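See below for the structure under consideration.
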Amino acid sequence: MLGPKSPSTRSLLVSSREQWRPAATRRQHSSFSERLYQKLTAQPLPFAFDYIYPQQSFLLDRTFSGFLPQPDAPLDALPSINKPSCLPPGHHLVYFPPQVPLSQLLPDGTDILHYPGYPFTRRLWAGGTVRFPATRDLLLDGRRAVCIETIRDVLVKGQTGEEKVTVRVERRIGTVQEGENYGKIRDRIWKEEEADPGHSSIIEHRNLVFMREKTPEQLTGARANHGQASRTIKSPTGSLFRHQLTPTRALLFRFSALTFNAHSIHLDQMYTRETEGYSDLLVHGPLTLVLLLAALGKHIDDLGSVIKEITYRNIAPLFVGEQMTICGKPKAGNHKGAWDVWIEGKDGGLAVRGTVQCDLL
């Protein structure tokens, strides 16, 4: 439905490490990368339609009650389409759920839409970008909107047998009219050039990393390290705001429900430990994104600014029941309206890091 992408837009698929491999091995690995790229970018992804009623956004705010600073509006203020507000940054994640039947879910609860195929059975959310070229066009008034997904790129890195596949997914969200022709919708909103927003209100890129199943030896080693201090990356200093919270199982469940996310690493402790080798349930990558946007958004409201873009990367896992700290500060140097934002894990190490661009209203 979306059509294939131009090969000229592709990133280099062979890592610098692989360039030192024997030529025959490089050709074999490059051929594998090419096959995956052709397979995933050629398959059309369905349009997802939704109505931007305030209830989903309201439920997300209610879910964050007690975890984030309270909004100015009282918690008992029920949503209404008569006096609609704008869709808050990041709240698009609770709209346009994956529209696949249960039969198209993989054993770990994820869907098949971006799956590169066996043996890459483990998936992690590595980060991405979100742009808001016209976010104020999305009001919580029940209007109809579309999310157009496409796979922009596929990258394979690592030695043969230890490869990781990164699937770069683009999602473009914009308002549509009832009965509007699919072709016209696509022409207005989706563009070949990524920099061209078209009529999109929100443009999101997700980097999904797929990995092989862990070997019994790897799982044994991972379990042996549970509870031990891990190597950490030092966090930035000089934060202008810091907000601490401890994610609970209820928080993870509610976010999974609101985003229609059945991934077992957020819901099934036994699966997470026995199959993935982690000590406990993992906090969702998109949940950390919404928390960063919400914490910064609350801070810059008084400055009369709005968030226009965020680029972020998940560096280390965050776990249920372990304290995390959301931080931010204006970016150093001559970067007008830019902020550094990050999340620290329980030991103070860097878990998520991002850069946000803000504009005045």
Side-chain angles (χ1 to χ4, degrees), residues 1-46 98 100 103-129 148-171 190 192-194 204-222 262-265 271 275-278 282 285-286 311 313-317:
M1 185 179 298
L2 298 180
K5 271 64 69 186
S6 168
S8 63
T9 65
R10 296 186 55 195
S11 299
L12 183 63
L13 293 178
V14 182
S15 69
S16 58
R17 179 191 300 177
E18 291 171 312
Q19 293 176 11
W20 297 101
R21 290 167 162 260
T25 306
R26 291 204 308 269
R27 286 194 297 271
Q28 180 182 12
H29 194 70
S30 178
S31 176
F32 171 64
S33 303
E34 184 67 27
R35 289 197 305 271
L36 273 185
Y37 176 84
Q38 294 297 337
K39 169 190 171 183
L40 291 173
T41 58
Q43 62 187 25
L45 300 179
V100 297
S103 60
Q104 294 185 7
L105 293 183
L106 298 164
D108 66 352
T110 61
D111 60 69
I112 65 172
L113 294 177
H114 318 112
Y115 179 50
Y118 185 83
F120 302 101
T121 56
R122 299 168 52 229
R123 191 186 85 171
L124 288 176
W125 187 297
T129 63
I148 299 178
E149 269 197 3
T150 185
I151 294 176
R152 284 286 189 178
D153 208 352
V154 181
L155 304 173
V156 178
K157 292 185 179 181
Q159 300 180 12
T160 302
E162 300 177 2
E163 305 96 332
K164 293 182 180 180
V165 179
T166 300
V167 179
R168 186 165 175 268
V169 182
E170 181 187 79
R171 306 173 84 235
W190 191 84
E192 181 71 31
E193 293 298 327
E194 295 185 39
E204 178 184 7
H205 288 98
R206 300 175 175 179
N207 298 323
L208 305 178
V209 176
F210 294 85
M211 299 164 289
R212 295 172 182 266
E213 182 179 356
K214 286 187 176 179
T215 65
E217 293 76 17
Q218 289 173 327
L219 287 172
T220 299
H263 197 177
S264 298
I265 63 174
Y271 170 87
T275 303
E276 298 279 353
Y278 294 108
L282 273 70
T311 300
R313 185 163 63 95
N314 296 318
I315 298 169

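The chain is numbered in sequence order, starting from 1. The model shown is predicted, which means the values in this text are computed figures rather than measured ones. Reckoned from all heavy atoms, side chains included, excluding hydrogens, waters and symmetry mates.
- Nearest approach of Asp111 to Pro98, heavy atoms of both residues: OD2-CB, 3.7 Å.
- To the nearest 0.5 Å, atoms CG (Leu105) and NE2 (His263) are separated by 11.0 Å.
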Validation: residues 119-127 side-chain donor-acceptor distances under 3.5 Å, sequence neighbours left out:
from: Arg122; atom 1: NE; to: Glu276; atom 2: OE1; distance (Å): 2.8
from: Arg122; atom 1: NH1; to: Arg212; atom 2: O; distance (Å): 3.1
from: Trp125; atom 1: NE1; to: Tyr312; atom 2: OH; distance (Å): 2.8

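- With hydrogens and angles ignored, the 3.5 Å screen pairs a side-chain donor or acceptor of Gln43 with a backbone N or O of Leu113.
- Scanning for side chain to side chain contact (heavy atoms under 4.5 Å, CB included) contacts around Thr311 gives Thr129, Glu309, with sequence neighbours left out.
- The side chain to side chain donor-acceptor pair (under 3.5 Å) test with His114 singles out one residue from Glu149, Arg206, Arg168, and that residue is Glu149.
- Residues satisfying the side chain to side chain contact (heavy atoms under 4.5 Å, CB included) test with Thr215, not counting sequence neighbours, are Glu217, Gln218.
- Taking the side chain to side chain contact (heavy atoms under 4.5 Å, CB included) definition, one finds that Leu106 meets it with Asp108, Thr110, Ile112, Tyr115, sequence neighbours left out.
- By the side chain to side chain contact (heavy atoms under 4.5 Å, CB included) test, Lys164 is found to be paired with Val209, Met211, residues two or more places apart in sequence or in another chain being considered.
- To the nearest 0.5 Å, atom CD of residue Glu170 and atom CD of residue Glu204 are 10.0 Å apart.
- The neighbour count for Glu213 CD, taken as heavy atoms of other residues, nucleotides or ligands under 6.0 Å away, does not exceed 12.
- When all heavy atoms are compared, the tightest approach of Lys214 to Ala222 is NZ-CB, 4.5 Å.
- Here the CG-CG distance, from Leu40 to Leu45, works out to 9.0 Å after rounding to the nearest 0.5 Å.
- Atom CD1 of residue Ile265 and atom OG1 of residue Thr275 lie 11.5 Å apart, to the nearest 0.5 angstrom.
- With values rounded to the nearest 0.5 angstrom, His205 atom NE2 is found 4.0 Å from Glu194 atom CD.
- Between Gly285 and Asn314 the shortest heavy-atom distance is CA-ND2, 3.8 Å.
- Smallest separation of non-hydrogen atoms from Gly109 and Ser264: N-OG, 4.3 Å.
- The OH atom of Tyr278 sits 10.0 Å away from atom OH of Tyr271, with the distance rounded to the nearest 0.5 Å.
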